[in-house]
Amino acid sequence: MSTWQKLLNWFDERLGLTTIYSTVLDRKVPKVNWWFTLGSASMILFLLQGVTGVMLTVYYVPSPDHAYDSINYIMNEVAFGWLIRGIHHWGASLMVLVVFAHMLRTFYFGAFKYPRELTWITGVFLLLCTVGMGFTGYLLPWNQRAFWATTVGTSIAGAVPFVGEFINEVLRGGTDLSALTLARFFSVHIWWLPAAIIALIGVHMYMIIRLGISSVPTKED
Amino acid sequence: MSQTPHMGRREFVQLVTGFVGAVMGAVIGLPAIGYLISPATKRRQSEAWIPLGPLENYPVGVPTLFNFTRSKVNGWEKTVNSYGVFVVRHPDDSVTVLSNVCTHLACRVNWVPENQWFLCPCHDAQFGLDGQVLGGPPPRPLDSYTQDAVKIEDGNLFIFFKEA
Ligand code: HEM
Ligand code: FES
């Protein structure tokens with residue numbers, strides 16, 4: 001046995017790595033098609049957004065004085081800054097599309113039915129969180145487009161009867177867009193929503209592993 | 001297990017996967033490292049020859065203050081620092097250029113013609129015309145620009161500024 005094998009075995013004996021591997025990855029799956037890869041694609045995109053997002057926080061500053069300049073700096077001065085930001089920027093739109101397509105696939109294949117209702121419900125929240133990530137992230141560059149898109153976006157909440165104005169002020173952290181808006185959007189974008197998404201993916205995946213995935217519906221279904 | 005001298009299919013797939021994995025790792029990893037260490041690889045631009053104007057402007061034997069500012073860009077933030085130097089022109093047109101920062105606790109010193117010394121307003125240190133400590137707490141003479149950091153071109157005086 002090679003040293004490498006021995007080392008692996010030592011850890012395996014204690015951590016049960018092969019058990020994890022066989023439960024998580026060596027699952028029995030029905031014969032399915034490419035549409036069934038959209039969930040994994042969503043997860044990979046989430047990881048990609050996570051890694052590039054963490055990288056961006058190395059230089060980005062969530063303050064009205066510096067947000068725009070710090071992004072300019074990332075784009076023009078930092079080595080590969082354009083690449084990291086580009087991936088995060090395009091990945092954001094792609095993730096919304098892919099997660100949405102994944103929802104459509106689980107809907108049209110009837111995969112939300114018993115016993116997978118909770119997978120569907122956590123999925124609904126995952127989609128909402130993903131869209132929330134897009135909404136909060138869009139403000140961060142603090143350019144004209146971001147500013148006015150968020151002005152419009154938050155005022156939509158203002159249309160809710162009775163409590164609309166209040167929701168609007170909670171979102172903005174005041175009556176107008178300000179340093180407070182930028183700070184809370186940043187906080188939600190990098191802490192609250194990612195934490196929620198990680199927790200939801202945990203439940204989502206637990207359900208997948210526990211129940212296995214559904215097969216492609218047949219004519220009889 | 002491969003009994004033949006040829007590479008088995010499994011081995012081949014492992015090898016190709018390892019190779020492709022390594023290439024992908026490098027393509028992703030190297031830019032990531034470059035991104036993180038980027039500010040440390042930037043060349044400092046603070047060094048420059050500063051023009052102090054025509055030598056004629058500086059009377060012989062009388063230390064004359066010249067103020068200038070240097071701006072420094074750190075990322076997206078620009079800071080402007082001001083500096084002052086005393087130019088002492090000698091009869092042979094050579095010059096001594098002294099920093100006006102006291103070597104005790106960095107107050108700015110002033111030339112006092114009556115006493116022919118630089119006086120620090122903070123703790124009353126005195127420095128001579130050549131920067132030597134004449135009295136007070138400073139541990140060393142005023143900083144001066146070395147001869148190769150001072151040049152005269154077409155009658156104009158320059159000093160080579162470096163960040164301390
Ligand atoms: C961040 C977003 C999401 C991630 C990372 C994710 C991940 C996954 C993964 C890896 C699977 C395994 C099967 C497959 O890939 O098709 C899956 C299945 C499933 N997902 Fe999602 N998902 C997300 C969002 C959603 C949304 C928005 C919905 C619906 C509202 C949803 C509903 C489901 C359902 C019902 C299944 C079970 C499919 C089956 O058993 O055939 N998911 N998800
Ligand atoms: S700072 Fe000049 S004497 Fe103390």
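A quick note: this is a predicted structure, and the numbers were derived from the prediction, not measured. No hydrogens, no waters, no symmetry mates; every other heavy atom, side chains included, goes into these values. Every chain is numbered from 1 and lettered A, B, ... according to where its sequence line falls, protein lines coming before strand lines.
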Next item on the list: Using a cut-off of 6.0 Å, state whether more than 12 heavy atoms not belonging to A/Phe107 lie near its atom CZ.
Entry: no
Check: Of the backbone (N, CA, C, O) and the side chain (C-beta and beyond), which part of A/Val61 lies under 4.5 Å from a heavy atom of chain B, both, or neither?
Finding: side chain
Item checked: Smallest separation among heavy atoms of A/Ala79 and B/Ser38, with atom names -> N-OG, 3.1 Å
Notebook entry, point to check: Within a radius of less than 6.0 Å around CZ of B/Phe68, do more than 12 heavy atoms belonging to other residues, nucleotides or ligands occur?
Noted result: yes
Next item on the list: Looking only at non-hydrogen atoms, find the nearest pair between B/Lys42 and A/Glu77 and report the distance.
Entry: NZ-O, 2.8 Å
Checklist line | Crowding at CZ, B/Arg9 (>12 non-hydrogen neighbours, <6.0 Å) | finding: no
Notebook entry, point to check: For chain B, which of A/Asp69, A/Asp65, A/Thr52 has the most heavy-atom pairs under 4.5 Å?
Noted result: A/Asp69
Checklist line | Residue A/Ile71 versus chain B: region with a heavy atom under 4.5 Å | finding: neither
Checklist line | B/Lys72, NZ atom: more than 12 neighbouring heavy atoms under 6.0 Å | finding: no
Notebook entry, point to check: Just by distance, do the side chain of A/Tyr59 and the backbone of B/Tyr35 share a donor-acceptor pair under 3.5 Å?
Noted result: yes
Next item on the list: Determine whether A/Met55 and B/Leu36 make a side-chain contact, defined as any pair of heavy atoms from C-beta on separated by less than 4.5 Å.
Entry: yes
Notebook entry, point to check: Non-hydrogen atoms of chain B under 4.5 Å away: do they reach the side chain of A/Val58, the backbone, both or neither?
Noted result: side chain
Item checked: Parallel, tilted or perpendicular: ring planes of B/Trp76 versus A/Tyr73, cut at 30 and 60 degrees -> perpendicular
Checklist line | Reported CZ-to-CD1 distance for the pair A/Phe80 and B/Ile33, which is rounded to 0.5 angstrom | finding: 10.5 Å
Next item on the list: Would you indicate whether A/Tyr68, at its atom OH, is surrounded by more than 12 heavy atoms from other residues, nucleotides or ligands within a distance under 6.0 Å?
Entry: no
Checklist line | Within 6.0 angstrom of A/Trp192 CH2, more than 12 heavy atoms from elsewhere | finding: no
Next item on the list: With a 4.5 Å heavy-atom cut-off (strictly below), which parts of residues 168-187 of chain A touch chain B? List them by number.
Entry: none
